[in-house]
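The structure under discussion appears below in the form of structure tokens.
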Amino acid sequence: GSSQEAERAAESSDYGLVDAGWGSVPGIDLVPLVGEPSDHDSSAQPDGDGSSVTHGVAADSDAMELIRILQGRPLMGRELDSSTIPAAAGVVDVSVDFTKGCYVGQELVARIDSRGSRTPTRLVRVIGPNVSPPPVGSKLTSDGSDVGTLTSVALSPELGLVGLAYVKRAVEVPSEAEFLPADGTPVTVELRPLESPTP
């Protein structure tokens with residue numbers, strides 16, 4: 001299969017294998033060790049349908065987005081930006097080094113960590129019925145009150161609607177919320193902590 005092809009390419013000593021798995025989804029990246037690969041030896045070639053083929057493996061952007069959401073991985077520009085507090089996104093363990101010297105935001109990050117990581121909002125999983133995904137930025141409500149905002153959404157063949165959302169600190173998770181699609185009929189979704197696996 002494709003992993004055998006990647007291992008053969010790595011054995012050529014021109015490439016190295018780097019673990020690129022996401023949670024329970026294994027993966028490797030093939031990285032050139034010296035210089036850039038020549039055109040005829042490129043590790044990724046565009047395919048006719050907009051996906052890329054890497055040593056015989058198609059990487060469809062919709063499939064990668066679904067895997068990212070299922071794994072609860074925040075994305076720069078969606079769940080992460082310059083105003084994101086690492087504790088709200090659940091990325092403290094992979095983005096903050098408490099032994100490092102001074103860095104921008106150090107006081108805020110340390111204060112939140114020492115007080116139990118309670119932030120005004122937090123990133124959660126969203127699981128719902130098999131309906132058309134609402135637009136990113138759609139509001140989530142509970143009992144008529146705004147409780148959060150969808151930041152990423154996709155449709156899973158097995159689970160239905162899946163997504164990530166920032167919800168207010170007061171929202172108990174797991175719980176339920178609703179969003180209002182274009183047809184005006186509210187759709188109920190489950191809110192779950194990032195730490196819990198998808199069903």
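Computation of the quantities below employed the complete heavy-atom set of this structure, encompassing side-chain atoms and omitting hydrogens, waters and symmetry-equivalent molecules.
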Practice item. Test Glu65 against Arg78 for salt bridge (Lys or Arg N to Asp or Glu O under 4.0 Å), laying out the working first. Key: CA-CA 12 Å; Glu65 177 71 349; Arg78 290 275 185 86; 3.0 Å; yes

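- Cluster annotation: Val189 and Leu150 are assigned to the same hydrophobic cluster (Ile/Leu/Val/Met/Phe/Trp/Tyr, side-chain heavy-atom contacts under 4.5 Å, transitive).
- Rounding to the nearest 0.5 angstrom, the gap separating the CG atom in Leu140 from the CG atom in Asp146 is 8.0 Å.
- Here the closest non-hydrogen pair linking Pro193 and Pro174 is CD-N, 4.4 Å.
- Proximity of a side-chain donor or acceptor of Asp62 to a complementary backbone N or O of Met64 within less than 3.5 Å is not detected.
- In terms of hydrophobic clustering, with Ile, Leu, Val, Met, Phe, Trp and Tyr side chains grouped at heavy-atom distances under 4.5 Å, Tyr166 and Leu70 are assigned to a common cluster.
- Distance CD1/Ile127 to CZ/Arg192: 5.0 Å, rounded to 0.5 Å.
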**Study point:** Verdict with reasoning, Leu161 to Asn130, per side chain to side chain contact (heavy atoms under 4.5 Å, CB included)
**Key:** CA-CA 5 Å; Leu161 179 73; Asn130 193 3; over 6 Å; no

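- Going from atom OG of Ser132 over to atom CG of Asp183 covers 9.5 Å, rounded to the nearest 0.5 Å.
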Exercise for review: I would like to know whether Ser145 and Asp143 meet side chain to side chain donor-acceptor pair (under 3.5 Å); could you show each step before the answer?
Suggested key: CA-CA 6 Å; Ser145 296; Asp143 296 327; over 6 Å; no

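- In this structure the side chain of Val187 never reaches within 4.5 angstrom of the side chain of Leu180, judged on heavy atoms.
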Review point. Taking it one step at a time, do Glu79 and Ser152 satisfy side chain to side chain donor-acceptor pair (under 3.5 Å)?
Key: CA-CA 8 Å; Glu79 290 81 24; Ser152 293; 2.5 Å; yes

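- In terms of heavy atoms, Leu66 sits closest to Ser156 at CD1-CB, 3.9 Å.
- Chaining together hydrophobic side chains whose heavy atoms lie under 4.5 Å apart places Met76 alongside Leu80.
- Rounding to the nearest 0.5 Å places CG of Leu191 at 9.0 Å from CZ of Arg122.
- Interatomic distance, CD of Glu107 versus SG of Cys102, reported as 10.5 Å (0.5 Å rounding).
- Within the 3.5 Å criterion, the main-chain N or O of Ala63 finds no donor-acceptor partner in the side chain of Arg68.
- Residues Lys139 and Thr149 meet the side-chain proximity criterion, which asks for heavy atoms closer than 4.5 Å.
- Heavy atoms only, all atoms of each residue included: Pro186 and Pro181 are closest at CA-CD, 4.3 Å.
- A single hydrophobic cluster is not seen to contain both Leu164 and Val167; linkage of ILVMFWY side chains at heavy-atom distances under 4.5 Å, directly or through other members, places them apart.
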Practice item. Evaluate side chain to side chain contact (heavy atoms under 4.5 Å, CB included) for Phe179 paired with Val153, printing each intermediate quantity in order. Key: CA-CA 12 Å; Phe179 68 86; Val153 291; over 6 Å; no

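- Taking OG1 from Thr188 and CD from Glu176, the interatomic distance works out to 6.0 Å, rounded to the nearest 0.5 Å.
- Under the side-chain hydrogen bond (donor to acceptor under 3.5 Å, both in side chains) criterion, Ser142 pairs with no residue, sequence neighbours left out.
- For the pair Leu123 and Pro74, the minimum side-chain heavy-atom distance is below 4.5 Å.
- Contact between Val126 and Ala165 at its shortest, heavy atoms only, is CG2-CB, 3.7 Å.
- Here the side chain of Thr84 pairs no donor or acceptor atom with the backbone of Pro86 at under 3.5 angstrom.
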